[in-house]
J.: 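Attaching a single structure in structure tokens format; questions to follow.
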Amino acid sequence: MPREIARSYSHQEVESKWYARWAEAAHFTPSSPGAPSFSMVIPPPNVTGSLHMGHALNNTLQDVLCRFRRMDGHNVLWVPGTDHAGIATQNVVERQLAAEGLDRTDLGRRAFIEKVWSWREETGHTILRQLRALGVSCDWSRERFTMDEGLSRAVREAFVRLWEEGLLYRAERLINWCPRCKTALADIEVMHEEVDGHLWQVRYPLVGDGDLVVATTRPETMLGDTGVAVHPEDERHADSIGRHARLPIVGREIPVVADTFVDPEFGTGAVKITPGHDFNDFEIGLRNGLEVINILDDDAAVRSEAFVGEDGRAPAWVERYGGQDRFAARERIVGELKEQGLLAEVRPYRHAVGKCYRCQTVIEPYLTPQWFVKIKPLADPAMEAVRRGRTRIVPETWKSSYFAWMENIKDWCVSRQIWWGHQIPAWYCTGCNESLDTDGNRIASGCVPVVGRAAPDRCDTCGGIRFVQDPDVLDTWFSSALWPFSTLGWPDKTADLQAFYPTAALVTGFDILFFWVARMMMMGLKFMDQVPFRDVYVHALVRDQEGQKMSKSKGNVIDPLIMVNRYGADPFRFTLVAMTAMGRDVKLAEDRVAGYQHFVNKLWNATRFVLMNLDDEVLQERRRPAEEPAEQDLDLADRWILSRLKATIERAREAITAYRFNDFAHHLYQFTWHEFCDWYIETSKLRLNRGAGSLAAQRTLHTVLQNILLLLHPLMPFVTEELWEAVTAREGTASPRRDHIMVQRYPAAGDLPADRDAEDKVEFLSGIIRAVRNLRTEMNVPPSRKVRVMLFDTEERLSLVRAHESMVCTLAWAEPPEYLSRGVRPKKVATAIVDTTEVYVPLDGAVDLEEESSRLHRALGKIEAEMERVRKKLDNENFTAKARTEVVEREREKAQEMEEKIEALNRSLGRIRELQAQ
RNA sequence: GGUCGCAUAGCUCAGUUGGUUAGAGCGCUUGCCUCACAUGCAAGAGGUCGCAGGUUCGAGUCCUGCUGCGACCACCA
């Protein structure tokens, strides 16, 4: 019989013990036929990741939802897994290679990919292991990886279907190129950042005479200039239109064109046009028939006739500038322009540059063949679904962001020039495509792909049998976009899809709303003809206590595992949930966690108290927990706490189903601590000690405590499970695992009575008690003495106090009150009013004046002695000058405090003398 | 440049649809080792709810403007 539990809770052993037991009992995915399902997919963390605060918050919230729904009778499925994180993972492994002095080309594609796989075997499960420490209850038997066999099949299938429906195309477009990752990026993967740069004004001589001064932030791109543009109505430059300028350094003649894009107000009103390296210029070039020159491309000579010198080689300047780092080239170009006197002006200029979201390298617009998803036909239904409420975004403020992004969406560049990822299922016949580079490094834009679920056997056109697969891989987010259904077995029609799609909710941070959520919406509707989730709960970012984003470089990172280790998973989870209010960032400070650790301790000790006071029979009674105690001699206090419990259950359920996590936590906290512990347990003590009413009190304590544990379980799974075992005294039952709190019914308010009458009465009585306590303190009644009280009100009100006199007196530590009818108000009293009842504490009756007076004198004596010691210390000892100052400072503060205290004591003594005199 | 959000006690934040003396945790003050818990108990101090107007019988809560932060989006050289 676990009648005694330890004096305090130690989380370490308890947490690992219970996690193992839950897993063993297969509680994570219950299956009761006919029950409603509740499914979620985890936002798959990168395999490269280790657990940070964002994951901790995200997964705690999901776990709270899952545990609640599971207890509430749903068939819960929570699918865990990881994302292969193309560029991020490739970067990690490449860094390892670099440490050995190698790069990926030394290994070759096949060997490199093998290396990534073995890296993943070794370390790719770290983060999922770490999640277990939080107590998350995903179904580990269903762990998926975006590169595993099933999901890869889903990716190929999706790609092929998009192709077949004409929603996928390959084209040469200007894309965002990361020169470090050496791959294309989607628009959304480019982060814009303000930087301090310069605006250079460069003189372009016109052929014949005169010149045009153009302004640019990137002078090095002039190597690829193929025109200069001015506004058609700009009179200053009207003469230049149609003439040619001679490109400095290069010497090429380029046309001056008119385009309304040019803002005559900005700079000089003349813009150099570099169609190969700027999105605007590309458009202008198209409109005006300008050439495109690619200065970063080693193959530039091949790709553009303009670059071919007499000897068939690129002109020297391409080698001088194009091959090297852009910023070094910029300096040399600027230097050379200056030498030639062509630099008209330089001024500091702050402007935005695009950077790679993976490595922060400045993006270079670059003309290459890539694969694109035609996005409009996918985005429209995805917007419609949210508009019609088929998917609800919570909180709603994110809806407008969602629409804004979707409305302006452009075709999605899904190809990446890296090796780690889903290789694009497109093949090129070597017979048909002469320009095919059979090393597979780059497929020219004119080549015709054959897209299919597997490599083709024979070319339909030429009958050839040799094919080269497209070397590009898909954007990582392409596979994540399929996650809600690919993890359930799609493209097969599986029972899982039938049962669990659409998923009930998706819990995610706003940072991946567009990367991931929007794309899941599009793909889910496309391939499943149904939204991927009913609700999207968008939570905020976890910041440090100053509101700064946590980052390694700032050194302000709080490690969730350290929190779990130090305080326990339960307090940590509780903190995260309690801080999660809608639409606001979570600022996390460690002392919050410490604060909620105290709450765990409180719960622990409340349980200890209950266990110490229950008779064996009561402990072993097996009522359904949310059910009022059977015996009907319930006291007012019992009725009150049960009614409060009912209200708490209602509020808690309301909060959690509306994703108001902080409300959920706070209602339960408030009830447990300030209603159950502070009031109910305190009142129960009297009845437990006497015979009368003891049984009802015991049963009520038992019932309410069990309900508290059940209610708190989604938030604090470990400690509640541990305590549940103790309060349900379950040894000897046939199937202990069925008794785990994790699989009990969640309390329902309907099982309990509301009792307005009891609530009103207790509120009144506790008001009286508070008033008396307050007066006690005001009157300086020593704790050893009971206070004398008089109450003045109608007989009816007073009779209520009379009926609960012992409770009131015990909690207020008062003598039995004098009940006064109207008319005889006492004098010389301290008063308070509760409702209509006036509460009096007679001054002279409150304090034993003799005793109090001598107590104060003793205290005064002590302090004066201390003062004397301080004075001596200051006088006698030999200090160095500095030490002396410090000591004096410190002691002076002490002395000040003591003097204040002496003053206060003297005041009290004075009051007592006054009273004695009367 | 566009959009959205936030400004409430010393600190970190609650405050659903406008309704009587604005709440919590931490911190602070005072008194208590009262036999579940000092990771505690009791009592308390502390707020012109960013500023200025407006709507209303009534506004922290709605509207307008301003100030200060923050985020997201964005191809102006």
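This is a predicted model, so every value here is computed, not measured. Just the heavy atoms: all of them, side chains too, but no hydrogens, waters or symmetry mates, feed the values below. A note on names: the letters A, B, ... follow the listed sequences, proteins ahead of strands, and every chain is numbered from 1.
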J.: Does B/rA38 pair with anything, Watson-Crick or G-U wobble, both distances under 3.5 Å, and if so, with which nucleotide?
T.: none
J.: Determine which nucleotide pairs with B/rC76, using a 3.5 Å limit on both distances of a Watson-Crick or G-U wobble pair.
T.: none
J.: Using purine N1 to pyrimidine N3 plus N6-O4 or O6-N4 for Watson-Crick, or N1-O2 and O6-N3 for G-U wobble, each under 3.5 Å, what pairs with B/rC33?
T.: none
J.: Between the side chain of A/D570 and the main-chain N/O of A/V719, is any donor-acceptor distance below 3.5 Å?
T.: yes
J.: Considering Watson-Crick and G-U wobble pairs with both distances under 3.5 Å, what does B/rG44 pair with?
T.: B/rC28
J.: Between A/R776 (side chain only) and A/A814 (backbone N and O only), is there a donor and an acceptor less than 3.5 Å apart?
T.: no
J.: A/T607 pairs by side-chain contact (heavy atoms from CB on, under 4.5 Å) with which of A/I708, A/V727, A/T720?
T.: A/V727
J.: Only one of A/R330, A/E364, A/K272 forms a side chain to side chain donor-acceptor pair (under 3.5 Å) with A/T221, so which one is it?
T.: A/K272
J.: Over all strands shown, is A/K410 touching base, sugar-phosphate only, or nothing at heavy-atom distances under 4.0 angstrom?
T.: base
J.: Taking the six-membered ring for Trp, are A/Y9 and A/W604 parallel (under 30°), tilted (30 to 60°) or perpendicular (over 60°)?
T.: tilted
J.: For B/rA14 versus B/rG53, give the span between their P atoms, rounded off to a whole number of Å.
T.: 28 Å
J.: Pick the C1' atom in B/rG47 and in B/rC28, then give their distance to the nearest Å.
T.: 15 Å
J.: Once each nucleotide of nucleotides 34-42 of chain B is scored for protein heavy atoms under 4.0 Å, what B/S/- sequence comes out, 5' to 3'?
T.: --BBSBSSS
J.: Rounded to the nearest angstrom, tell me the gap between atom CD in A/E345 and atom P in B/rA77.
T.: 16 Å
J.: With rounding to the closest Å, how many angstrom separate the P atoms on B/rG10 and B/rU67?
T.: 26 Å
J.: Need one value for A/S401: base, sugar-phosphate or nothing, where a base atom within 4.0 Å counts as base even if backbone is also close, heavy atoms only.
T.: nothing
J.: Return whichever of A/T216 or A/V190 has its heavy-atom-nearest nucleotide of RNA chain B closer to the 5' end.
T.: A/V190
J.: Determine the Euclidean distance between corresponding P atoms of B/rC49 and B/rG60; express it in Å to zero decimal places.
T.: 7 Å
J.: Would a distance-only check, ignoring hydrogens and angles, find a side-chain to backbone donor-acceptor pair under 3.5 Å from A/R773 to A/L811?
T.: yes
J.: Quick one: A/D511 CG to B/rC72 P, roughly how many Å, whole number?
T.: 9 Å
J.: Which of the following nucleotides, B/rG25, B/rU16, B/rC72, is nearest to the side chain of A/F514?
T.: B/rC72
J.: Side-chain N or O of A/H667 less than 4.0 angstrom from OP1 or OP2 on B/rA14?
T.: no
J.: I need the CZ-C1' distance between A/F510 and B/rG5, as an integer number of Å.
T.: 10 Å
J.: Find the distance A/F403:CZ to B/rC73:P and express it as a whole number of Å.
T.: 18 Å
J.: Using purine N1 to pyrimidine N3 plus N6-O4 or O6-N4 for Watson-Crick, or N1-O2 and O6-N3 for G-U wobble, both under 3.5 Å, which nucleotide pairs with B/rU61?
T.: none
J.: According to the interplanar angle, ranging from 0 to 90°, do the rings of A/Y669 and A/Y596 count as parallel (below 30°), tilted (30 to 60°) or perpendicular (above 60°)?
T.: perpendicular
J.: Which whole number of Å gives the distance between the C1' atom of B/rU64 and that of B/rU56?
T.: 16 Å
J.: Would you classify A/Y349 as touching base, sugar-phosphate or nothing, given that sugar-phosphate means primed atoms plus P, OP1 and OP2, and contacts are heavy atoms under 4.0 Å?
T.: sugar-phosphate
J.: Tell me the partner of B/rC13, counting only Watson-Crick (N1-N3 plus N6-O4 or O6-N4) or G-U wobble (N1-O2 and O6-N3) with both under 3.5 Å; none if nothing fits.
T.: B/rG23
J.: Report the base-pairing partner of B/rC6 (Watson-Crick or G-U wobble, both distances below 3.5 angstrom), or none.
T.: B/rG68
J.: Taking the six-membered ring for Trp, are A/Y537 and A/F661 parallel (under 30°), tilted (30 to 60°) or perpendicular (over 60°)?
T.: perpendicular
J.: Without decimals, in angstroms, what is the distance between A/W398 CH2 and B/rU3 P?
T.: 17 Å
J.: Distance between the C1' atoms of B/rC35 and B/rC41, in whole angstroms?
T.: 14 Å
J.: Roughly how far apart, to the nearest Å, are B/rG58 and B/rC72 at atom P?
T.: 42 Å
J.: What is the separation between atom CZ on A/F574 and atom C1' on B/rC13, rounded to the nearest whole Å?
T.: 15 Å
J.: Looking only at atom P, what distance separates B/rA52 and B/rA45, rounded to whole Å?
T.: 27 Å
J.: Roughly, in whole Å, what's the span from CG in A/L811 to C1' in B/rA43?
T.: 15 Å
J.: Flag the pair A/D187 / A/K410 as yes when at least one side-chain heavy-atom distance between them is below 4.5 Å, and no otherwise.
T.: yes
J.: Take the protein atom CE of A/M579 and the nucleotide atom C1' of B/rA24, then report the distance between them rounded to whole Å.
T.: 12 Å
